[in-house]
Amino acid sequence: MSHKLDVAKLVQDLTLEEKAGLCSGLDFWHTKAVERLGIPSVMVSDGPHGLRKQDENPDHMGVGESVQAIGFPTASAMACSFDRDLLFSVGEALGEECITEDLAVLLGPGINMKRSPICGRNFEYYSEDPLVAGELGAAFVNGVQQHGVGTSLKHFAANNQEWHRMSISAEIDERTLREIYLSAFETVVKKAQPWTVMCSYNRINGTYSSDNSWLLNDVLRDEWGFEGLVMTDWGAMNDRVTALKAGLDLEMPSSHGETDKQIVAAVKDGSLSEDVLDQAVTRILTLVDKYLVHKKESTYDKEIHHLLAKKTAEESAVLLKNDGILPLKKTQKVAFIGAFAETPRIQGGGSSHINCYRIESALDTANNVAYAQGFRTDIDETDPALLEEAIRTAKDAEVAVIFAGLPDAFESEGFDRQHLNMPDCQNELIDKICEVQPNTVVVLHSGSPVVMPWLPKVKAVLDMYLSGQASGGAAVRLLYGEVSPSGKLAESFPLRLEDNPSYLNFPGTRQEVKYQEGIFIGYRYYDKKKMEVLFPFGYGLSYTSFAYDHLQVNATEATDQDTILVSVDVTNTGQMAGAEIVQLYVQNPKGEEIRPEKELRKFAKVYLEPGETKTVTMELNDRAFSYYHIGIHDWYAESGEYQILIGASSRDIRLRQNIQITSTKEIPFIAGETTTCEDVELFAKDTAPLDHMLRISGFAENTNGVENDSMGAGTDELMHNMFSGTPLHSILSFSGEELTYEDIQETIRKLNEQ
């Protein structure tokens, strides 16, 4: 189909004022039109897990009633599926809905890292691991965009809290940024090319994301090859002219013409090149053109999409505990207890809140179950009458299933949680039910981890996360074994909030938050510290069982340029069909850099009938063995012995295979006055310049290889370590008059000539 717009000609024909005007929104949800040139306004909509299109008279703050739409599980739930195909299908469905609703861009997905489990918006994000977030985010984007609808990858970057999110400066070192907080964005850009990227509100090391040329131009466009436009989050503009130069194209929402005037003035006074403005306008018009090419009349079947939402909820739920009580039998006398059985909590609060066209509760779909409300969701106080009714109902049943979790007031965009606790009234309810009913099951509804003081008392825990409008029906099918649970946790559940690595630095001061834990978030931290957790990353139970055999790696020695093929056989050894999520971790060697014990590098979900075996094959490239080396500003796989680990979770490693990796990259050794003697001996190609200087100074004879105890036991080791750790400039203090400062400078020069 031919393009509807001649973008290059339009850029020539637009006036300066029209160009500037296109760079900000018309209102909350629309871009501006230029009617005289046939450029239409297009509409964008919130909705990482469902459309939140405001049809008529969109209100200023975007909180009014939106069109009825399908509420899919939130990102925190879908990530637990570890299923790229499923995420593609959800994206595909949302793309169909966008076409029907005449939308150009769906504002999502959100792929920020879960630095802390109490970030208020974690329900909208996928994982604590950038591989999971990147792979699933790319699948989702590809699903949406195959329909000719754009996505907006957000929030770029380091939006990991709600506290002061519009002004806080995230203080992050380069390696941590690259390995943890940018990596998922890189994957989505390279694998899916989202039409837009949405910059975050916050500053990064003092610079607002909207003003950050290193982030938007150097990394996103020049290094990763991003081809689309960059837009602000709503109200995330700082300095309009600086932002244009930094690669920020579209400001949303409307600025009432104020920032448009700033652009015009800057072009006229020469402080902004019109070429920079033209480039931004070209990107905006290219997006409009893409929308026009694919625009068509369309409808979608809400019931079919509802069934996909239910399937997604089933695939994403995580069975955390099961002492043989699940699946339930149809013949058992079962009591459903808890307000969420009747009115499930299916989504978080804020800009992604969906006006669901229907909501399917557990009570809607279960047959012959008793019910008691048990608790109120609008207040955290025990209602004695509701509690007593619940106790009677549970006591009269064979099994009590308690539907519990976090109410809306505990978890929303706009504020962070203060703790990991469920409401006290719900914890009390669970305790009281366990006193009268030994067969108690808890079904959890929350967008993020909670602590479970009652865990030893209950027989089973099924975590539905926030599973969308079909949550209740999916829970019933899982409880009764119509489908086997197959989700696994995409984040760690700590025993207590204080165990989290960001605890001492979250959410920071009013001005900045220091990411002092560096690369050690989630399982990377808990594994390195050998800390117990409530439930580890990658963990989840099933109604069947799986065996892992025949791990094969195509090489035991390789370079960082080689492709490594890893295969493993997985067998369903149980009596029920089910799916297993195979996780490949790489255990890092003990090298020069501080690195995690192991890191997830590949995963695959495999569906198996009872007795069936399938071979899962995964491919590793150099990035699987690499860390980001700040000396070369690039990825570097150091030489050493790594281990390929195949696991059912981060704490359940089934098979191992050693592999020796040899690096083909050279890290340049650059000596300076503070370089130690040991560093020269370890890393310089030729130590002759240092050896010569040491002979002049006599320093080596005095400190290296001395056999005496003149300073007590351990003198030999003390003197050797003193030599090893002495900086080059300090040798002057321990030498005779023969050594000069110029000799040290000459030695450094000769070392660096290498």
Side-chain angles (χ1 to χ4, degrees), residues 80-86 129 131-132 135-136 314-324 326-327 481 483-490 492 523 527 535-558 562-589 596-621 623-625 640-661:
C80 296
S81 74
F82 282 78
D83 192 328
R84 298 172 183 84
D85 293 338
L86 184 66
D129 185 88
L131 175 72
V132 176
E135 290 287 318
L136 298 183
E314 292 167 3
E315 298 285 339
S316 303
V318 184
L319 184 60
L320 296 176
K321 180 178 180 179
N322 187 21
D323 287 349
L326 297 180
V483 61
S484 177
S486 62
K488 297 199 176 188
L489 294 178
S492 307
Y523 72 90
D527 286 358
F535 296 107
F537 175 86
Y539 169 86
L541 303 175
S542 172
Y543 292 155
T544 188
S545 55
F546 301 95
Y548 292 69
D549 297 292
H550 304 119
L551 171 61
Q552 293 188 321
V553 182
N554 70 335
T556 56
E557 296 183 2
D562 295 326
T563 297
I564 309 301
L565 293 178
V566 180
S567 64
V568 61
D569 290 346
V570 184
T571 303
N572 184 341
T573 55
Q575 303 301 311
M576 184 176 181
E580 175 68 334
I581 297 163
V582 182
Q583 299 160 51
L584 188 161
Y585 297 85
V586 170
Q587 183 169 303
N588 297 310
E597 290 293 307
K598 61 178 179 290
E599 297 175 270
L600 183 72
R601 294 309 195 191
K602 288 288 178 178
F603 61 87
K605 192 165 190 176
V606 56
Y607 293 84
L608 297 165
E609 295 294 326
E612 184 180 11
T613 299
K614 287 183 180 177
T615 300
V616 176
T617 301
M618 292 170 278
E619 188 176 288
L620 301 177
N621 59 21
R623 282 286 286 269
F625 305 97
E641 186 171 79
Y642 296 76
Q643 273 198 336
I644 308 295
L645 311 176
I646 302 295
S649 83
S650 60
R651 294 282 174 95
D652 183 9
I653 304 302
R654 304 290 182 88
L655 301 169
R656 299 170 178 266
Q657 173 67 57
N658 290 349
I659 182 170
Q660 182 73 32
I661 298 294

### Task
Working to the nearest 0.5 Å, report the span between CZ of R623 and CG of L131.
10.5 Å
### Summary
In short, V318 meets C80 closest at the heavy-atom pair CG2-CB, 3.7 Å
### Message
Is there a side chain to side chain donor-acceptor pair (under 3.5 Å) between S542 and S484? Walk through the geometry before answering.
### Response
CA-CA 6 Å; S542 172; S484 177; 3.0 Å; yes
### Query
Is the closest side-chain heavy-atom distance between V568 and T615 below 4.5 Å?
no
### Task
Using the test ring pair (Phe, Tyr, Trp, His ring centres under 6.0 Å), find all partners of Y548 that sit at least two apart in sequence or belong to another chain.
none
### Task
Identify the heavy atoms of E609 and E612 that sit nearest to each other, and give their distance.
N-OE1, 2.8 Å
### Message
Nearest 0.5 angstrom please: K614 NZ to F546 CZ, how far?
### Response
11.0 Å
### Query
Could you state the interatomic distance from CG (D83) to CD1 (I581), rounded to the nearest 0.5 Å?
8.0 Å
### Query
Are E135 and R84 within salt-bridge range, i.e. N to O under 4.0 Å?
yes
#### Entry: Between T544 and N572: side-chain donor-acceptor atoms closer than 3.5 Å
yes
### Query
Name the one of D129, N588, D527, V586 that satisfies side chain to side chain contact (heavy atoms under 4.5 Å, CB included) with E599?
N588
### Interatomic distance, L645 atom CG to Y585 atom OH [nearest 0.5 angstrom]
9.5 Å
#### Entry: Gap separating the CG atom of D569 from the CG atom of D549, nearest 0.5 angstrom
6.5 Å
### Summary
When rounded to the nearest 0.5 Å, the distance separating CG of L551 from CD1 of I644 is 8.0 Å
#### Entry: Heavy-atom pair of closest approach, residues P485 and L319
CB-CB, 3.9 Å
### Task
Please report the closest heavy-atom contact between Y607 and E315, naming both atoms and the distance.
OH-OE1, 2.9 Å
### Within 6.0 Å of CD in Q660, more than 12 heavy atoms from elsewhere
yes
### Query
Are a donor atom and an acceptor atom from the side chains of Q643 and N658 found within less than 3.5 Å of each other?
yes
### Task
Kindly say whether G538 contributes a backbone atom to a donor-acceptor pair with the side chain of Q583 at under 3.5 angstrom?
yes
### Message
Under a plain distance cut-off of 3.5 Å, with no hydrogens placed, do S567 and T617 share a side-chain donor-acceptor pair?
### Response
no
### Query
Taking all atoms of both residues into account, what is the closest heavy-atom pair of R654 and A648, and its distance?
NH2-CB, 3.7 Å
#### Entry: Side-chain donor-acceptor pair present, S649, K488, cut-off under 3.5 Å
no
### Query
Minimum heavy-atom separation for A579 to S486, with atom names?
O-CB, 3.6 Å
### Min side-chain heavy-atom separation V582-M618 under 4.5 Å
yes
